[in-house]
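One structure is given below, encoded as structure tokens.
Each chain gets a letter, A, B and so on, in the order the sequences are listed, and its residues count up from 1.
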Amino acid sequence: MKTHSTLTRKLLLIACLGASATGAQAAEDYSSFLRPAEIPQPDNNRITSARVELGKMLFFDPRLSGSNWISCGTCHNPTLGWSDGLPTAIGHDMQVLKRATPTILNTAYQPLQFWDGRARTLEEQAIGPIKAAGEMNQDMDELIKELSALKGYRDAFEDAYPGEGITENTIAKALATYERTIVSTESPFDRWVKGETHAMSKEAQEGFEVFLGKGRCVLCHSGFNFTDNGFHNLGLKNDDDPGRYGIRKIKILKGAFKTPTLRDVALTAPYMHNGAYKTLEEVVDHYDRGGDTKDNLSPNMQPLHLSASEKASLVAFMKALTGEPAPVSLPRLPTE
Amino acid sequence: MHKSSRQKLLRIAAIATALLAASVAQAAEVVVDQLNKTFVIEGNKVEAISINVGDTLRFRNDDPFFHNIFSLSDLKTFDLGSFPQGQSKTVTFDKAGTVEVECAIHPEMYMEVTVK
């Protein structure tokens with residue numbers, strides 16, 4: 001590893017933020033910016049190839065929706081950073097919804113799902129949009145009947161979950177398993193952390209300094225997934241969405257939303273929970289202003305007074321968090 | 001007032017004062033640090049603690065960002081608001097039972113307080 005002088009000291013400092021209370025070695029925590037070797041998975045739904053294949057079939061099958069027209073992959077499109085490129089999602093019957101489609105990249109590492117964190121597991125999350133009237137508008141009993149009529153699905157469920165049948169539970173488990181495999185690839189930043197001096201441009205390296213220091217970004221975008229998995233009101237204009245407050249009636253949570261990952265962030269425009277900004281430059285300007293609406297603003301927000309050069313370097317750094325997307329093969333869906 | 005009655009009252013007052021003093025002496029204050037987005041007592045991460053009725057927990061933020069400790073438990077509902085590094089806030093637990101304590105900003109921070 002090359003010596004990054006000041007930056008190294010800051011890295012070590014930030015790494016210590018993730019250290020155990022008993023005080024782990026800073027050297028060990030230096031790798032906390034890299035993806036953990038193991039994908040978190042529950043004991044009652046371990047990842048197997050049969051479960052991933054089944055989950056992928058379900059994920060890309062539009063018959064999971066009431067209209068038989070919208071699949072999970074319609075909004076979580078792998079060619080658009082596992083999102084949809086829209087400011088806010090479009091659901092059943094072309095309804096424009098209030099919130100942006102979040103990327104599902106690295107959701108395996110998130111303790112709470114959805115912008116407001118209302119689901120505690122990926123299994124719980126996976127079923128939510130299928131049943132939601134505004135999203136996929138599907139009747140679960142009807143879906144189970146439709147899937148059970150197809151031998152291809154009966155066999156795939158039996159391979160994945162022997163003896164458990166086609167149920168809401170096994171549909172949820174298969175979808176969650178597939179989602180757990182959607183993880184970020186190595187980015188220029190990762191290679192730079194591992195010691196490839198030129199993997200990240202000088203401008204991006206300067207941006208990392210701003211990210212850790214003057215920009216205050218790391219207060220919320222921390223750890224390998226560049227999120228604290230927390231909830232913050234960022235002071236967006238013209239936004240009356242209660243956010244996390246709908247789940248927990250605590251004042252600070254009014255208008256607060258989950259900190260999204262910054263992995264592959266260059267692929268997931270527009271940005272923010274309501275898709276308010278088209279570019280990362282606009283996002284940086286928002287933070288530089290310290291937010292717009294000050295009512296119940298996160299106390300972590302404040303005007304930053306960044307120079308044009310610092311803003312540009314910050315954007316360059318965020319772009320360096322984007323890796324080459326893993327190739328995705330589409331499944332052949334059962335027709336009989 | 002009759003002398004014996006006055007002496008009796010004084011004795012009761014003395015006993016009450018002693019009991020109060022004993023009670024005050026027994027009530028403890030426990031410092032709970034917020035460090036690395038965990039609850040920490042004397043350097044050890046804790047997810048459950050046991051205290052006595054009347055004890056106080058002092059929540060102290062040692063992280064370089066804000067925390068917001070709260071509970072929506074029936075036994076003790078409170079919202080300490082957000083506070084930065086170096087500041088602390090206290091809660092006294094005056095009834096026996098179980099209280100779930102969390103950070104609103106960082107919901108992974110969870111601690112169960114058993115009050116005996």
Side-chain angles (χ1 to χ4, degrees), chain A residues 10 13-24 26 29 32 40 109-114 116-120 212-213 216-223 225 227-234 243-245 247-259 296-302, chain B residues 30-49 57-91 99-113:
Chain A
K10 285 186 179 172
L13 173 67
I14 297 304
C16 286
L17 295 177
S20 74
T22 51
D29 289 325
S32 66
Y109 301 92
Q110 295 178 1
L112 296 175
Q113 308 297 336
F114 294 118
D116 56 14
R118 64 185 180 276
R120 289 194 169 274
L212 299 176
R216 299 167 57 84
C217 316
V218 78
L219 294 182
C220 301
H221 290 285
S222 54
N225 209 19
T227 170
D228 60 355
N229 299 312
F231 295 85
H232 308 270
N233 181 329
L234 305 178
R244 179 70 174 163
Y245 188 73
I247 310 301
R248 284 275 190 278
K249 294 284 187 285
I250 302 297
K251 180 181 178 296
I252 197 171
L253 296 176
K254 284 181 183 171
F257 291 83
K258 190 173 68 178
T259 309
N296 212 45
L297 185 67
S298 164
N300 286 341
M301 296 282 291
Q302 62 184 52
Chain B
V30 179
V31 176
V32 182
D33 291 306
Q34 288 90 72
L35 181 63
N36 304 323
K37 288 185 285 182
T38 59
F39 290 114
V40 172
I41 295 177
E42 295 180 349
N44 298 307
K45 179 181 174 182
V46 291
E47 293 180 344
I49 66 164
L57 295 184
R58 177 174 291 280
F59 293 96
R60 185 172 67 192
N61 185 356
D62 287 338
D63 277 327
F65 39 79
F66 281 77
H67 287 299
N68 191 125
I69 308 305
F70 78 97
S71 176
L72 295 178
S73 295
D74 291 342
L75 191 74
K76 186 79 180 178
T77 299
F78 62 89
D79 177 4
L80 300 182
S82 57
F83 50 101
Q85 186 172 37
Q87 287 192 13
S88 65
K89 299 203 176 184
T90 59
V91 181
V99 180
E100 295 176 329
V101 176
E102 299 175 50
C103 172
I105 301 169
H106 309 101
E108 288 175 271
M109 294 174 63
Y110 172 86
M111 182 173 72
E112 193 171 277
V113 179

### Message
Has R60(B) got a side-chain atom pairing as donor or acceptor with V32(B)'s backbone, closer than 3.5 angstrom?
### Response
no
### Query
Tell me, side chain or backbone of P299(A) under 4.5 Å from chain B's heavy atoms, or both, or neither?
both
### Message
Surrounding CZ of R120(A) (heavy atoms of other residues, nucleotides or ligands, distance under 6.0 Å), is the total greater than 12?
### Response
no
### Summary
Whatever's closer than 4.5 Å to a heavy atom in chain A on F70(B) counts as side chain
### Query
So, the side chain of S71(B) versus the backbone of S73(B): is there a donor-acceptor pair under 3.5 Å, distance only?
yes
### From K254(A) atom NZ to R244(A) atom CZ, the distance as rounded to the nearest 0.5 Å
16.0 Å
### Task
Heavy-atom distances under 4.5 Å only: say whether R216(A) touches chain B with side chain, backbone, both or neither.
neither
### Task
Please check if the side chain of N61(B) supplies one atom and the backbone of F83(B) the other of a donor-acceptor pair under 3.5 Å.
yes
### Donor-acceptor contact below 3.5 Å, side chain N68(B) vs main chain D79(B)
no
### Heavy-atom closest contact (V99(B) atom, L75(B) atom, distance)
CG2-CD2, 3.6 Å
### Query
So which heavy atom on K258(A) is nearest to which on F231(A), and how close?
N-CD2, 3.4 Å
### Summary
Honestly, the part of L219(A) sitting under 4.5 Å from a heavy atom of chain B is both
#### Entry: Within residues 105-112 of chain B, residues adjacent to chain A where the heavy-atom gap is under 4.5 Å
I105(B), H106(B), P107(B), E108(B)
